[in-house]
Number of protein chains: 2
Amino acid sequence: MDMNLEIDFRSGIPIYLQVVERIKERLASGQLQPGNQLPTVRSLAQELRVNFNTIARAYRIMDESGIISTQQGRGTYILEMPPPEVIGSIRAKALEDLTQRYIADAERLGVATDELSRSLNEELARKKESSNLSINDLKKENIP
Amino acid sequence: MDMNLEIDFRSGIPIYLQVVERIKERLASGQLQPGNQLPTVRSLAQELRVNFNTIARAYRIMDESGIISTQQGRGTYILEMPPPEVIGSIRAKALEDLTQRYIADAERLGVATDELSRSLNEELARKKESSNLSINDLKKENIP
DNA sequence: AGTACAATGATACAATGATACAATTATGGA
DNA sequence: TCCATAATTGTATCATTGTATCATTGTACT
């Protein structure tokens, strides 16, 4: 499966960034559709005569920005909802459904409502804490 | 026989581990009883759109920990109910996982943390309100 | 020159998939 | 009833795919 991405090895622009841009273009032009599978990191790397880690890096960037989904052992796929520009009533209803499902699942577990609120607060706090820690770690590394 | 297990392919948590946790939850909540037959590795795999070896791996893990019994040619069955303290820890982990999935899903919708807490409180309040109403309705019906 | 840092490569690893196989059950005809 | 055979179920093994970690290369700045 050839992608025929146009990469310029002499441009000075990192290859992984060029790959990201070329794939974004395919997505914007409709040549790539949600649900489509991208070539494996190894096959695209072979096509571009590049190490597969470079492709993996490009894929990881797009994964983190919510464009694609990379799954170990399965492959990488264009996501159904490219950007989370879920707007207005659709987004509100999605959140409402999500919360109701959360409550229903908790009920099946036999979790009381106050315990549920507490769990959410705990996990949110933990999440915030861990992100703060990583920032502090970076600062410490840089200062000495 | 559909299990309707909630698996998140984007969470980074291996599918086979998620399957183990979801089934443990069903056991802890009483939705699965000792003696019950689990779906075959192939049927559950088909339902989850996953290779059946992934399900077999999940089953093997639970088999090795004595929760279920898998028998070639026969199927897999729930062996015994874990002791109460284990049930407790399963519940705790289940709630933690459930909340983390809730937060992850909300993040994908672009929902801020305070908005998430508010949504939960609103839905909980609405739920409580409706249950009170129904109780009152019953009372009215019974008195005359 | 020398150093620091980003980009790329090499290698080992974990998760998932594909395929062939063995054990058990179901079925059908003598 | 009983045996042969097909269908179903879990098992074993290897291939494929992405991940993690460290080494190497190149480039810019002192």
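In what follows, every chain begins at residue 1, and chains take the letters A, B, ... in the order their sequences are listed. Everything quoted here is computed from the prediction, not taken from an experiment. Computed over heavy atoms, backbone and side chain alike; hydrogens, waters and symmetry mates excluded.
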Atom [atom1] of [X] to atom [atom2] of [N]: distance rounded to whole Å?
| X | N | atom1 | atom2 | result |
| --- | --- | --- | --- | --- |
| B/L38 | D/dG10 | CG | C1' | 13 Å |
| A/R60 | D/dA20 | CZ | C1' | 10 Å |
| B/Q37 | D/dT8 | CD | P | 14 Å |
| A/R10 | D/dG26 | CZ | C1' | 17 Å |
| B/L44 | D/dG10 | CG | C1' | 14 Å |
| A/I55 | D/dT19 | CD1 | P | 13 Å |
| A/Q46 | D/dT16 | CD | P | 12 Å |
| A/D63 | D/dA20 | CG | P | 11 Å |

Q | Residue list, side chain to side chain donor-acceptor pair (under 3.5 Å) with A/N121, at least two apart or on another chain | A | none
Q: Taking side chain to side chain donor-acceptor pair (under 3.5 Å) as the test, write out the residues that go with A/Q100, two or more places apart.
A: B/E123
(Q) Quick check on D/dT9: is either OP1 or OP2 less than 4.0 Å from any side-chain nitrogen or oxygen of B/T70? (A) no
Q. Bend angle of the helix from C/dA1-D/dT30 to C/dA30-D/dT1 from five-pair axes at both ends, rounded to 10°?
A. 10°
Q: Work out which heavy atom in A/I103 is nearest to a heavy atom in B/K127; give both atom names and the distance.
A: CG2-CD, 3.8 Å
(Q) Working note: B/L32 + B/M3, criterion side-chain contact (heavy atoms from CB on, under 4.5 Å); need CA distance, chi angles, decisive distance, verdict. (A) CA-CA 10 Å; B/L32 282 174; B/M3 292 287 281; 4.3 Å; yes
Q) Base, backbone or nothing for each nucleotide of nucleotides 10-19 of chain C, written B, S, -, heavy atoms under 4.0 angstrom, 5' to 3'? A) BB--BBBBBB
Q. Can you list the residues that meet the ring pair (Phe, Tyr, Trp, His ring centres under 6.0 Å) rule with B/Y102, with sequence neighbours excluded?
A. A/Y102
Q.
By the side-chain hydrogen bond (donor to acceptor under 3.5 Å, both in side chains) test, which pairs, at least two apart or in different chains, include something from residues 59-69 of chain B?
A. B/D63-B/T70
Q: With sequence neighbours excluded, give me every side-chain hydrogen bond (donor to acceptor under 3.5 Å, both in side chains) pair touching residues 83-95 of chain B.
A: B/K93-B/D97
Q: Could you work out the complete set of other residues in the hydrophobic cluster of B/V86, with links drawn between I, L, V, M, F, W and Y side chains under 4.5 Å apart?
A: B/I90
Q. Pairs in or reaching into residues 9-24 of chain A: which pass salt bridge (charged side-chain N to carboxylate O under 4.0 Å, His left out), with residues at least two apart or in two chains?
A. A/R22-A/E25
